[in-house]
Colleague: 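Pasting a structure below so you can have a look.
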Amino acid sequence: HVSRYMWTEMLFILFLLLFYIEFERYLQKGRFGSLVLAAVFSALVCTARYAGVTVVAAAALFLLFTKKSILKKITDIAFYGALSVLPMGIWVLRNYMVSGTLLGVRLPSTYTLRQNIDRTLKSVYTWVQPDKLLTQNINGTLLYVLKSFAVLLPLALACAFAVVLVRSLVDYNPLRKLSWERSSGSELSSESERLLPILFFVAYSAIYIVYLIASATLVAFEPINNRYLAPVYLPVLLSLFIAADYLHERIKARINPKLAGFFTYALLALFLIYPALNSAAFTVNNRRIGAGGFASDVWHERDGFIKYMDYSGRYTYYSNCADAVYVLTGIRTYCIPKRSGPYMYGLEQFKAAVSRDENSYIIWFDSGVPPTLYNLEDIAGMYVLEESGSFGYGNVYRIAAPR
C-alpha cells in the first residue's frame, strides 16, 4: 500500500538500511570512515523526514556502549550527531528566515494520546490483516488458516527467541564480557554480531513509535496510519528473520543439520504463502482500477471540469478539492479559505487574492465540504458567483464582484 505512492517513506527506509550497514561496520571494525558514511546516510534520512532524528538518537545511544573512554564516546557522538543533523539544521534555519517558524506552521492536535496509541496498534494490525480482495477468491476457512499462521509464527518465533536469550543471560559468564567493539579493533564475537542488529532495530523502533505518538498528540497532521509505521515494518521484519537464523543455528547444533534446514525452510515457505497471495491480489486489483486515490480510474473518469479550465496562466482557480484538480490538470489550484488556522489559509488572504487577480474561478465538487472550510453558501454571501459550467457532480463559478 505504501510502496505504490511516491511518499518519502521509501527513501527513509532505504537510507535507514544504508546507514545501519555502515554503522554496524563501525561498531565491528572501529573504522572512522564507516562512522562518517553512517552520519551521511543519517543526514539523508533526516532530509527525507523530520522523524529521521530517531535514527540519530538510536545511534547515539549505541555509541555510548562502545568499549572506549568516556571522552572518546562523547567525541564520536558529537561528531556523528553534528554531521547527521547539519542538512536538517540548515533547512530549519531556512524555514525560520522564510516563515518565522522552525518547522512550519503547526496547529494543536485534535487527537488524544489514547487515540494515537489506538491508531498505532491498528496500523500494526494491518501488517497481517487480510486484504478484502482475497475473500473474493479464496475460501474463508482457508484464508483464516493462512492469516492465523502468518500471525502466530512470528509471535512464536519472537517468544522462542526471548526464552533463549533470557536463558543465555542467566548462564552468562562474566569472563566472556560482551561489548559492541573490541579495543583492539577486531571483529565482534559471534554472539554479539548476531544480537547487535536485533537490539538496534528494536531500540530504533521503540524510539520511532514514541516519537510518532508524541508528535501526533502535540501537533496536527494526518492521523497515524500504516504509512507512518512503514519505517518500523522493515526493521521489525528483519529482526524476526535474524532471530529465526539465530534459532536455526542453535537447532542445527542439537539435531541433524539437514533435518533442521528442511524444517526451517518449510516453515518459511508456508509463512510466505499468505503475503504472496495478498501482494498478488493487491497488484492485480491496482492494475485493473488504478493505483488508488487520484490515480484511480474512478477519478480519471471524473474529469468533466477540465474543459472549463484555461492553461494560459491568466486565471486563478480555487476548489474544495484543490489537490484533485491539480493532480488531474497540472494547473495550480488553491484551497477554499479555512474557517480557522494559519493566517495564510484564512479568509482575509483569500479576499486579498481575489481583489488582486482579475479572473478568479471556483471549481466546486458536490461530494461534501470539510467543516474546516467555508462552504459555497458562505462565499456566495460575500461575492456574486456566476455559473460558467457544470460537470455532473459539481459546478464552475466565476467570482464576479464583492457584495
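Both backbone and side-chain heavy atoms feed into the values below; hydrogens, waters and symmetry mates do not.
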Colleague: For side chain to side chain contact (heavy atoms under 4.5 Å, CB included), just list the numbers for K147 and L143, CA-CA rounded to whole Å, side-chain angles, deciding distance to a tenth of an Å, and then say yes or no.
Modeller: CA-CA 6 Å; K147 174 191 174 182; L143 186 60; 5.6 Å; no

Colleague: Can you say whether the rings of F32 and F79 are parallel (under 30°), tilted (30 to 60°) or perpendicular (over 60°)?
Modeller: tilted

Colleague: Side chain of S279, backbone of A276: donor and acceptor closer than 3.5 Å?
Modeller: no

Colleague: Take R314 and E358 through the side chain to side chain contact (heavy atoms under 4.5 Å, CB included) test and state the conclusion after the steps.
Modeller: CA-CA 8 Å; R314 295 181 291 111; E358 294 183 4; over 6 Å; no

Colleague: Using a 6.0 Å distance limit plus a 45 degree cone around the ring axis, check whether R227 lies over the aromatic ring of Y5.
Modeller: no

Colleague: Shortest non-hydrogen contact from S84 to V56?
Modeller: CB-CG2, 3.8 Å

Colleague: May I ask you to check whether W127 and Y233 place their ring centers less than 6.0 Å from one another?
Modeller: yes

Colleague: Check the orientation of Y204 and Y208. Use parallel for under 30°, tilted for 30 to 60°, and perpendicular for over 60°.
Modeller: tilted

Colleague: Using 0.5 Å steps for rounding, measure from the CG atom of L14 to the OG1 atom of T8.
Modeller: 12.5 Å

Colleague: Would you please test S123 and N226 for side chain to side chain donor-acceptor pair (under 3.5 Å) and show each step?
Modeller: CA-CA 5 Å; S123 298; N226 56 353; 6.0 Å; no

Colleague: Is the CZ atom of F263 crowded by more than 12 outside heavy atoms at less than 6.0 Å?
Modeller: no

Colleague: Parallel, tilted or perpendicular: which describes the rings of F201 and Y20, with under 30° parallel and over 60° perpendicular?
Modeller: tilted

Colleague: Report yes or no: does T333 contribute a side-chain atom to a donor-acceptor pair with the main-chain N or O of I331 at less than 3.5 Å?
Modeller: yes

Colleague: Side chain to side chain contact (heavy atoms under 4.5 Å, CB included) between I77 and L64: does it pass, once the steps are laid out?
Modeller: CA-CA 8 Å; I77 293 173; L64 283 174; 3.5 Å; yes

Colleague: Step by step, would you call E9 with R49 a salt bridge (charged side-chain N to carboxylate O under 4.0 Å, His left out)?
Modeller: CA-CA 8 Å; E9 279 68 25; R49 281 186 56 196; 3.1 Å; yes

Colleague: If I take atom CG from residue N95 and atom OG1 from residue T101, how far apart are they, to the nearest 0.5 angstrom?
Modeller: 6.0 Å

Colleague: Would you say the side chains of Y96 and W91 form a donor-acceptor pair under 3.5 Å?
Modeller: no

Colleague: Determine the interplanar angle of the F19 and Y80 rings, folded into 0 to 90°, and report it as parallel if under 30°, tilted if 30 to 60°, perpendicular if over 60°.
Modeller: tilted

Colleague: Does the pair R288/D297 count as a salt bridge with the N-to-O cut at 4.0 Å?
Modeller: no

Colleague: Just wondering, do S215 and Y50 contact through their side chains at under 4.5 Å, heavy atoms?
Modeller: no

Colleague: Can you label the angle between the Y318 ring and the Y334 ring as parallel, tilted or perpendicular, going by 30° and 60°?
Modeller: tilted

Colleague: Do Y26 and D76 meet the criterion of a side-chain donor-acceptor pair at a distance under 3.5 Å?
Modeller: yes

Colleague: Is there a donor-acceptor contact under 3.5 Å from the side chain of Y361 to the main chain of M309?
Modeller: no

Colleague: Would you say R250's side chain and Y246's backbone share a donor-acceptor pair under 3.5 angstrom?
Modeller: no

Colleague: Using 30° and 60° as the class boundaries, would you call the ring planes of H248 and Y265 parallel, tilted or perpendicular?
Modeller: tilted

Colleague: If you take all heavy atoms of R339 and L373, which pair is closest and at what distance?
Modeller: NE-O, 3.2 Å

Colleague: Under the salt bridge (Lys or Arg N to Asp or Glu O under 4.0 Å) test, which residues partner E348, sequence neighbours left out?
Modeller: none

Colleague: With sequence neighbours excluded, what pairs up with T112 under the side-chain hydrogen bond (donor to acceptor under 3.5 Å, both in side chains) test?
Modeller: Q115

Colleague: Check step by step if ring-ring contact (aromatic ring centres under 6.0 Å, His included) holds for F350 and Y345.
Modeller: CA-CA 7 Å; F350 171 76; Y345 305 127; over 10 Å; no

Colleague: Would you say that P337 contacts L347 through its side chain, given a criterion of any heavy-atom pair below 4.5 Å between the two side chains?
Modeller: yes

Colleague: Kindly give the heavy-atom pair with the smallest separation between A38 and E22, and that separation in Å.
Modeller: N-CB, 3.8 Å

Colleague: With ring centroids as reference points, do F149 and Y144 lie under 6.0 angstrom apart?
Modeller: no

Colleague: Is the backbone N or O of T316 less than 3.5 Å from a side-chain atom of D357, with the two atoms forming a donor-acceptor pair by type?
Modeller: no

Colleague: Hey, could you give me the CG/CG distance between L63 and L27, rounded to the nearest 0.5 Å?
Modeller: 6.5 Å

Colleague: Would you say R119 and N116 are linked by a side-chain donor-acceptor pair, where the criterion is simply a distance under 3.5 Å?
Modeller: no

Colleague: Before giving the answer on side chain to side chain contact (heavy atoms under 4.5 Å, CB included), spell out for K258 and F262 the whole-Å C-alpha distance, their side-chain angles and the decisive distance to 0.1 Å.
Modeller: CA-CA 6 Å; K258 291 185 178 180; F262 173 80; over 6 Å; no

Colleague: Partners of D118 by salt bridge (Lys or Arg N to Asp or Glu O under 4.0 Å), sequence neighbours excluded?
Modeller: K122

Colleague: For a ring-ring contact (aromatic ring centres under 6.0 Å, His included) check, start with the C-alpha distance between Y228 and F12, then their side-chain angles and the critical distance, and finish with the verdict.
Modeller: CA-CA 11 Å; Y228 289 115; F12 187 101; over 10 Å; no

Colleague: Does the plane of the ring in F200 sit parallel, tilted or perpendicular to the ring in F23? Use 30° and 60° as the thresholds.
Modeller: tilted

